[in-house]
Amino acid sequence: MNNNTLEQFKEYLHKMRQYDHVLTLLYWDLSTLAPEKGVEARMNAINYFSTESFRLSTADEYGEMLKELSKPEQFDALDETMQLTVKRYLRDYERFKRIPEEFYSSYTEVKTRSERAWEKAKRAADFSQFAPHLEKVISMTKEYVHYMEPDEEAYEVLLDLYEEGMDSKTIDRVFDELKEGLLPLLKKIEESGRPDLSALEGTYDMEAQKKVQDMLLSYIGFDKDAGATAESEHPFTTDLCIGDVRVTNHYSEKDPISAMFSAIHEGGHAIFGQNIDPAYEDTALEQVNMMGLHESQSRFFENILGRRRSFWVPIYDKLGELLPQFRKVPLDTFCRAINDVHPSLIRTEADEVTYCLHIILRYEMEKAIFRDNTPVDELPQLWNDKMEELLGIRPENDGEGILQDMHWSDGSFGYFPSYLLGSMYDGMFLEALEKEKGSVDTILEEGRISEITSWLNEKIHRYGSRYTSAEVLQRVCGKELSAQPLLDYFNQKYAKLYGFQK
Ligand code: ZN
């Protein structure tokens, strides 16, 4: 009986994975190559496979297998990978089973309509067009998580959905710590003035930029035999399976730097996916839904490594070969350009320091929405006030204010903190890495970046989602989450770069 249920369960997981595989491929195609006239058919196919996939993951037959395997005598006989898989999937199954089907489909529909309304409202910089949709999405999101976890507070459930084990008490502690350290640093940086970046102005060949992306991906350790690249409106990474992890990029003629850093960022996500232990295939450990941990890997490559002078030393000549304009730009000028810290209104264009404050703002807004029940029509004003308090600037319209991100339009509340959690994990990983392997600058300058990638593969990537982020921090750094290592990294780096006292 035991073996039988386990075999059936494994077969069932394999079947579910085939639906996921097809769905992922359909989404990838929709965002990259699908022609305008094919979009509707593609959407229909996506709807068909999503419905089938939802049915499989809520089927009674599946629930019975999970419950059977959770019985102590069966559970104890499973290996650790299967134990974790059964535990996690049973939790997900029970959460989903509590959601009435009718509610689920109307929630999905409301979110789709809200996303479209948001796009229009953003273009028109008119919050009033979006407000009724946002109100509906907020109230339905509260209901949605209440079905999932009736005894928990809504915002706590949302935080846990995107970063398992995370809670607002921990986030309050580390975000406050960070805010306190960042505001004086930002003041010192601002007093040092902006660099002159006119040497970088110009028009950059798009085909050559794609070659730069290829060069950067190979440099950081992206395996071309286990991945692919394409173009899309917004860069993203998609994991079909461990042997096929793909990244996209978006190129602009006037700004080659943005695509370079998108390549490094998405490459970091992909390297994580490509290096998960193949033994986890078809189990819950293959899927890393901890967004903070995932972001820590993309942002480690993008910021901690990519924005260092030493990262570029071995490849700066190559960059000049591919994009000849860079031959005229000294490496030091380039370094100032990729570390140009200044308050700005748009999160996705922000430097690594002020970016933190953009996230703290969104976290405080989400608490106002879910805890204080702040009325929707008061949110734009609250946003602008917080922007002024944290960054000293005020949006002139809602398009460059509260309407700039799509996350809230599709109900992804609780997602934003994971970006900053990722950066804080990075401060800690950097500290642990240097303690073990010595100066990162020396390693990079000597062209030994692969040693850093291997260290990350070994310490983090291979385990997929076996450990929660808090467990990963304990295993790799031997301590719990703290903002201090990130602050130390910022303070040292910018004191040197801008020439002021720490
Ligand atoms: Zn990312």
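Note that the structure is predicted; figures quoted are calculated from it, not measured. Remember, it's 1-based here, ligands and their atoms both numbered in the order they're listed.
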Enquirer: Regarding Asp488 and Gln492, is there a side-chain donor-to-acceptor distance under 3.5 Å anywhere?
Expert: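 On atom types as modelled, these side chains do not qualify, holding no pair under 3.5 Å.
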Enquirer: Between Thr32 and Arg246, do the side chains contain a donor N or O and an acceptor N or O under 3.5 Å apart?
Expert: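 Note: Arg246 and Thr32 side chains miss the donor-acceptor criterion.
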Enquirer: Any side-chain donor paired with an acceptor under 3.5 Å for Asp410 and Ser412?
Expert: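 A donor-acceptor contact under 3.5 Å links the two side chains.
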Enquirer: Would you say Tyr155 and Glu366 are linked by a side-chain donor-acceptor pair, where the criterion is simply a distance under 3.5 Å?
Expert: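 A donor-acceptor contact under 3.5 Å links the two side chains.
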Enquirer: For the Zn ion (ligand 1), report each protein N, O or S atom nearer than 2.8 Å, sorted by chain and then by residue number.
Expert: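 Checking every protein N, O and S atom gives His265 NE2, His269 NE2, Glu295 OE2.
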Enquirer: Between Ser168 and Glu156, is there a side-chain donor-acceptor contact under 3.5 Å, judged purely by atom types and distance?
Expert: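 Judged by distance alone, the side chains do pair up.
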Enquirer: Are a donor atom and an acceptor atom from the side chains of Tyr498 and Asn339 found within less than 3.5 Å of each other?
Expert: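 No - no donor-acceptor pair under 3.5 Å links their side chains.
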